[in-house]
*Asks:* 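Mind having a look at this structure? Questions to follow.
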Amino acid sequence: MWFILGILLVIYFIHQVFTSVLPHYFLVPSQKWQDAILKVINYDKPIYLKVSHKRSSFRRRLVLASEIPSFYTNFVNNKLKISPRDIANKDQFMQETRRRDVNDSKRRLLFGFFHPYANNGGGGEKVLWEAIKATLEQDERNICVVYTTNTDAEPLSILGKARDKFQVEDLDYKRIVFIYLKNFGKLIDSSYWKHLTIVGQLFGTFLLSLEAAFELSPDVWVDTMGLPGSYFVASIVLKIPIIAYVHYPILQENMFNKLKYSHISDVTKVRSKSDAFDYAKLFYWSALYWLYVYIGSYVDVTLANGSWTFEHMQKIWTYNKALGKEISILYPPCGTEYLVNAKVGNSTRTNQLLYLAQFRPEKRHILVLKEYQQFLVNNYPNLTSPKAKVPTLLFAGSCRTKDDTATLEFLQQEVKALKLDGFVEFAVDCSYAEIVHFLSTCKFGLNAMWNEHFGIGVVEYVARGCIPIVHASAGPLLDIVTGEKITDWANATGFFFKSFADPDFDPSLQTTKDNKEKYLVFEVNGKKKEFPTLEQLLSTMFVTDRLLISDETLQRMRSTGQQLVVDKFSNKIFEDKWRKHIERAESLEKEYRVERRGKLESVY
């Protein structure tokens, strides 16, 4: 009896901490907060503002009232001082700190973009910066807060990289506040957790989001990186609307297919320690899956980056629509209008296979290397240096973490081991201008990732005229390399391949009946289809049937592909749709402030 009562008291205590204590802690300033600010303003020399443990609520007031919100970053340190311009206009500044009425037409809003790797060079970061641009342009009252763990890069450096890498220009930097998260960043990296990786990352994200709320609490939480562990803090503690741009689900239903036991009732089949361990795995993954379903129910607007992700999120976050939450597709901004219309120049295209991707294991560069080497061995056994008719490889990408750098170094060593030095080039951390140059001068674009959730690089191939040679799955197959079908592995805009190494490869489906080429057989949407391996595809294209890649054929494919992608994946389409979702979030923010918060919290 006492044990049960103790458990109930602990649960009640935790509930009170997260629903009452922490909201008051993060949102409500000390009683004489105006006096504290005026003391700093009226002091005869610059001094720090004494805020004790109320840094978030004080920084909120300073940011929302300031002519230059970006001044209140914590890049140098976490201490607060007041901008000289705000001091010079102290009467107006102090008046703005009191503007808190939910229906005040001049009230400003903080959109918190939770994106720890904001300074990295991947497709996710392009989404981040285009979303920030659209949010700032939607209303001059909007202020964007970027939560990042890239503590070695100052704000202007990060903005400069966004401009150079992604062509995101004319950002109102004064309304972008960088909040550097300095304590728990390593906990969201998968390499930190040797066991129970997803649980560890969820816990790390939870702590990181608490740190973000401690430094500066926003009015709308925007997750552009796919970190669901932050939703609890945003929804339960801060009580604000959540927009989640989902690049891929962290858990999927088909992962249970790999387990020995598929139902909880299978406990009766457990006979040994090994069986008990396998059964524990079922329990672990089931608990984790339903936790993912639960925290997903906090999200008000879920935006999937493509058809594959959308279909999975509808199945996983199955209760969201019943709760009145939105799940829809918003293709990432790929700059297709720029890529299609920009002048190519006088350069002719080289016979190169460009692989534009970050150096991460799941991109399967190693698969490309081995299949390419096999292609050379089978068709040009004595070739020691490139010839005009033989394609070469160009790997262009960036390294986000130490793991990425290690992957790059491994690939470079593998190139030497396979004796492909003269056939493979690497271009690391390229500028956007260099990427456009590669896209404009290479004939073909590669993508080997299994179930690439979308594939911005593939869109860039098509938009710039690089003929795509891609793995037949997810985004590249469903959304990007589309057009009139020619065979299972080719259509009017590109070519497809599969691999023995694919997780969904089924040996029982393989047959040589009516399959002279001995292609791999896969089941796609309930139908059996045949696909070559990359080695087989390259042999067909470059040796046995070169009509597939004649200049006339490639030019026709380029024109068809560009017409299909120019509007579908443009920056303008993304920005227009994003603004509509921001308007929805603004409406929810007013609603939640009245309905979810206590009287004191709703005021502050």
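Quantities reported herein were computed from a predicted structural model and do not represent experimental measurements.
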*Asks:* Sort out for me which residue in Thr336, Asp479, Leu339, Val481 forms a side-chain contact (heavy atoms from CB on, under 4.5 Å) with Val459.
*Replies:* Thr336

*Asks:* Would you tell me whether His471 and Asn451 have side-chain atoms, one donor and one acceptor, within less than 3.5 Å of each other?
*Replies:* no

*Asks:* Classify the ring geometry between Tyr319 and Trp290 as parallel (under 30°), tilted (30 to 60°) or perpendicular (over 60°).
*Replies:* tilted

*Asks:* Give a yes or no on whether the ring-centroid distance for Phe497 and Phe531 is below 6.0 angstrom.
*Replies:* no

*Asks:* Ion pair present between Lys527 and Asp488, side-chain N to carboxylate O less than 4.0 angstrom?
*Replies:* no

*Asks:* Looking just at side-chain N and O atoms, do Gln314 and Thr318 make a donor-acceptor pair shorter than 3.5 Å?
*Replies:* no

*Asks:* Decide yes or no for Phe375 and Phe542: does some side-chain heavy atom of the first lie under 4.5 Å from some side-chain heavy atom of the second?
*Replies:* yes

*Asks:* Are the side chains of Lys363 and Thr407 in touch, meaning some heavy atoms are under 4.5 Å apart?
*Replies:* no

*Asks:* Measure the shortest side-chain to side-chain distance between Leu534 and Ile469 over non-hydrogen atoms and say whether it is less than 4.5 angstrom.
*Replies:* yes

*Asks:* With a 3.5 Å cut-off and no angle check, do the side chains of Asn447 and Glu452 form a donor-acceptor pair?
*Replies:* yes

*Asks:* Are the side chains of Asn571 and Lys126 in touch, meaning some heavy atoms are under 4.5 Å apart?
*Replies:* yes

*Asks:* Does some side-chain heavy atom of Tyr284 sit less than 4.5 Å from a side-chain heavy atom of Val199?
*Replies:* yes

*Asks:* Could you check whether Arg464 and Ser440, counting side-chain N and O atoms only, form a donor-acceptor pair closer than 3.5 Å?
*Replies:* yes

*Asks:* Does Asp576 pair with Lys572 as a salt bridge, N-O distance under 4.0 Å?
*Replies:* yes

*Asks:* Would you please indicate yes or no on a ring centroid separation below 6.0 angstrom for Phe359 and His365?
*Replies:* yes

*Asks:* Do any N or O atoms from the side chain of Gln201 and from the backbone of Asp189 form a donor-acceptor pair under 3.5 angstrom?
*Replies:* no

*Asks:* Does either side chain, that of Gln352 or that of Glu425, offer a donor lying less than 3.5 Å from an acceptor on the other one?
*Replies:* yes

*Asks:* Report yes or no: do Thr540 and Asp545 form a side-chain donor-acceptor pair below 3.5 Å?
*Replies:* no

*Asks:* Are Ser570 and Tyr331 close enough that some pair of their side-chain heavy atoms sits under 4.5 Å apart?
*Replies:* no

*Asks:* So, do Phe438 and Leu356 sit near enough that their side-chain heavy atoms are less than 4.5 Å apart?
*Replies:* no

*Asks:* Answer yes or no on whether Lys498 is positioned over the face of Phe522, meaning its NZ or CZ is under 6.0 Å from the six-membered ring centre and within 45° of the axis.
*Replies:* yes

*Asks:* Given the side-chain rings of Trp317 and Tyr292, with only the six-membered ring counted for Trp, is the space between their centroids under 6.0 Å?
*Replies:* yes

*Asks:* Is any side-chain N of the basic residue among Glu326 and Lys321 closer than 4.0 Å to the acidic one's carboxylate O?
*Replies:* no

*Asks:* Show every salt bridge (Lys or Arg N to Asp or Glu O under 4.0 Å) that has at least one partner inside residues 373-385, sequence neighbours left out.
*Replies:* none

*Asks:* Does the plane of the ring in Tyr355 sit parallel, tilted or perpendicular to the ring in Phe395? Use 30° and 60° as the thresholds.
*Replies:* perpendicular

*Asks:* Look at the aromatic rings of Trp578 and Tyr245 and report parallel, tilted or perpendicular, splitting at 30° and 60°.
*Replies:* tilted

*Asks:* Any chance the side chains of His115 and Thr224 put a donor and an acceptor closer than 3.5 Å?
*Replies:* yes

